[in-house]
Amino acid sequence: MGKRVAVVLAGCGVFDGSEIHEASAVLVHLSRGGAQVKIFAPNIEQMHVVDHFKGNPTEERRNVLVESARLARGNIQDLAELVVDQIDAVIFPGGFGVAKNLCSWAVDGNKCTVNEQVKATLQAFNQAKKPIGLCCISPVLAAKVFPGCEVTVGKDSNEDGRFPDAETAAAIQELGCKHICKDVNECHVDASNKIVTTCAFMCKAPLHEIFDGIGVMVASVLELA
């Protein structure tokens, strides 16, 4: 029987929800790895709604669970219904929705707060010694919830122009965590906490390289599960 993996989404669309390519890559690699997948999202309002064509916020109001259902083809559950004893691992794709809806990093930086349901989910998996996978900006969730943990969001400088958000690494270290520099096709495994991270779209890389890096993260999560 394949490993049972929960995927937690933050909406639908890079600027106000889950990054669609990352979520899809996670699901494809989990499928290839023979995992049994259940998709979850918190039943909360989005911080705001962004017109992805114009790039501007709108006056609309949308719900994270309802929007995430688009990516899950309707097969999704409220995060409140996740039972850790019935799941072997959890993965959080990236996207601005993580930094806007699952926590307030987009507004408050490393002084942000994490949604209580998301925080409780992360803590429950950690206490059960079950692996947690995170990509793109979502490693900041681990940095806030698990002081001293090790994560990567890519590189800590933008010398080659591929890591425009390199300052995130310093913000993570200010929280007392250790940032490990990795390229887009790599992941970092914090073995003591069973936290696996990869930078994904924090790197300006071709889509296939981001897809492959997420595959390395997913494979490491399944190996730990």
Side-chain angles (χ1 to χ4, degrees), residues 1-11 17-18 22-23 25-44 63-69 71-95 97-99 101-105 112-151 175 177 187-198 214 216-225:
M1 185 178 292
K3 302 294 174 61
R4 304 164 299 175
V5 182
V7 176
V8 180
L9 300 180
S18 290
E22 291 182 15
V26 166
L27 295 171
V28 169
H29 286 296
L30 286 171
S31 176
R32 184 170 287 148
Q36 300 177 58
V37 178
K38 289 188 176 182
I39 304 175
F40 299 85
N43 186 9
I44 56 175
N63 178 279
V64 172
L65 177 59
V66 172
E67 290 300 296
S68 298
L71 283 169
R73 297 172 60 87
N75 188 10
I76 193 167
Q77 295 173 256
D78 188 331
L79 183 59
E81 298 174 6
L82 192 158
V83 179
V84 175
D85 290 346
Q86 298 174 1
I87 302 289
D88 299 312
V90 64
I91 295 179
F92 289 76
V98 172
N101 305 326
L102 305 191
C103 72
S104 62
W105 187 281
C112 72
T113 56
V114 178
N115 171 275
E116 286 301 321
Q117 212 168 67
V118 172
K119 182 178 180 180
T121 298
L122 288 165
Q123 290 174 329
F125 274 89
N126 180 258
Q127 288 164 7
K129 301 190 183 306
K130 294 182 176 182
I132 299 166
L134 309 114
C135 62
C136 193
I137 192 63
S138 64
V140 302
L141 296 173
K144 284 296 294 186
V145 176
F146 307 118
C149 72
E150 299 176 0
V151 299
L175 292 170
C177 298
C187 75
H188 177 69
V189 179
D190 177 346
S192 62
N193 288 300
K194 289 194 173 183
I195 296 171
V196 187
T197 50
T198 190
I214 290 172
V216 174
M217 179 269 286
V218 169
S220 296
V221 168
L222 292 177
E223 187 177 334
L224 288 171

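At least one side-chain heavy atom of L224 sits less than 4.5 Å from a side-chain heavy atom of V189. Residues F146 and I132 are in side-chain contact: their nearest non-hydrogen atoms beyond the backbone lie under 4.5 Å apart. Side chains of V7 and L9 form a contact here, defined as non-hydrogen atoms less than 4.5 Å apart.
The neighbour count for E223 CD, taken as heavy atoms of other residues, nucleotides or ligands under 6.0 Å away, does not exceed 12.
At distances below 3.5 Å, not a single donor-acceptor pair connects side-chain atoms of K3 with backbone N or O atoms of A89. Between the side chain of K144 and the backbone N or O of C112, at least one donor-acceptor pair lies under 3.5 Å. A donor-acceptor pair is defined here as one N or O able to donate and one able to accept, closer than 3.5 Å; such a pair exists between the side chain of D88 and the backbone of R4. At least one donor-acceptor pair closer than 3.5 Å links the side chain of K194 to the backbone N or O of K129. Put simply, the side chain of S138 gets close to the backbone of F92: a donor and an acceptor are under 3.5 Å apart. The backbone N or O of P93 lies less than 3.5 Å from no partner atom in the side chain of E22, so there is not a single donor-acceptor pair.
Between atom CG of residue L82 and atom CD of residue Q117 there is a gap of 9.5 Å, rounded to the nearest 0.5 Å. Taking CG of L134 as the reference point, atom SG of C187 lies at 11.5 Å (rounded to 0.5 Å). Of the inter-residue distances, the one linking S18 atom OG with E67 atom CD reads 11.0 Å to the nearest 0.5 angstrom. L222 contributes atom CG, which lies 5.5 Å from atom CG of L30 (distance to the nearest 0.5 angstrom). Rounding to the nearest 0.5 Å places CH2 of W105 at 9.5 Å from CG of L141. Between the CZ atom of F125 and the CD1 atom of I87 there is a distance of 6.0 Å, given to the nearest 0.5 Å.
Considering all non-hydrogen atoms of both residues, G95 and C136 come closest at N-SG, 4.2 Å. Summarising the geometry of S68 relative to A41, their closest heavy-atom pair is OG-CB, 3.5 Å, with the distance given to 0.1 Å. Closest heavy-atom contact between C135 and M217: CB-CE, 4.1 Å. What you find for V64 and A10 is that their closest heavy atoms are CG1-C, 3.5 Å.
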Inset, instruction - Check the pair L27 / I39 against side-chain contact (heavy atoms from CB on, under 4.5 Å), numbers first and verdict last. - result: CA-CA 10 Å; L27 295 171; I39 304 175; 4.1 Å; yes
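Under the side chain to side chain contact (heavy atoms under 4.5 Å, CB included) rule, E150 has a single partner from D190, N193, T197, I195, which is D190. Shown are V221, I214, V216; of these, the side chain to side chain contact (heavy atoms under 4.5 Å, CB included) with V218 is made only by I214.
Between N101 and N115, the side chains place no donor N or O within less than 3.5 Å of an acceptor N or O (distance only, hydrogens not considered).
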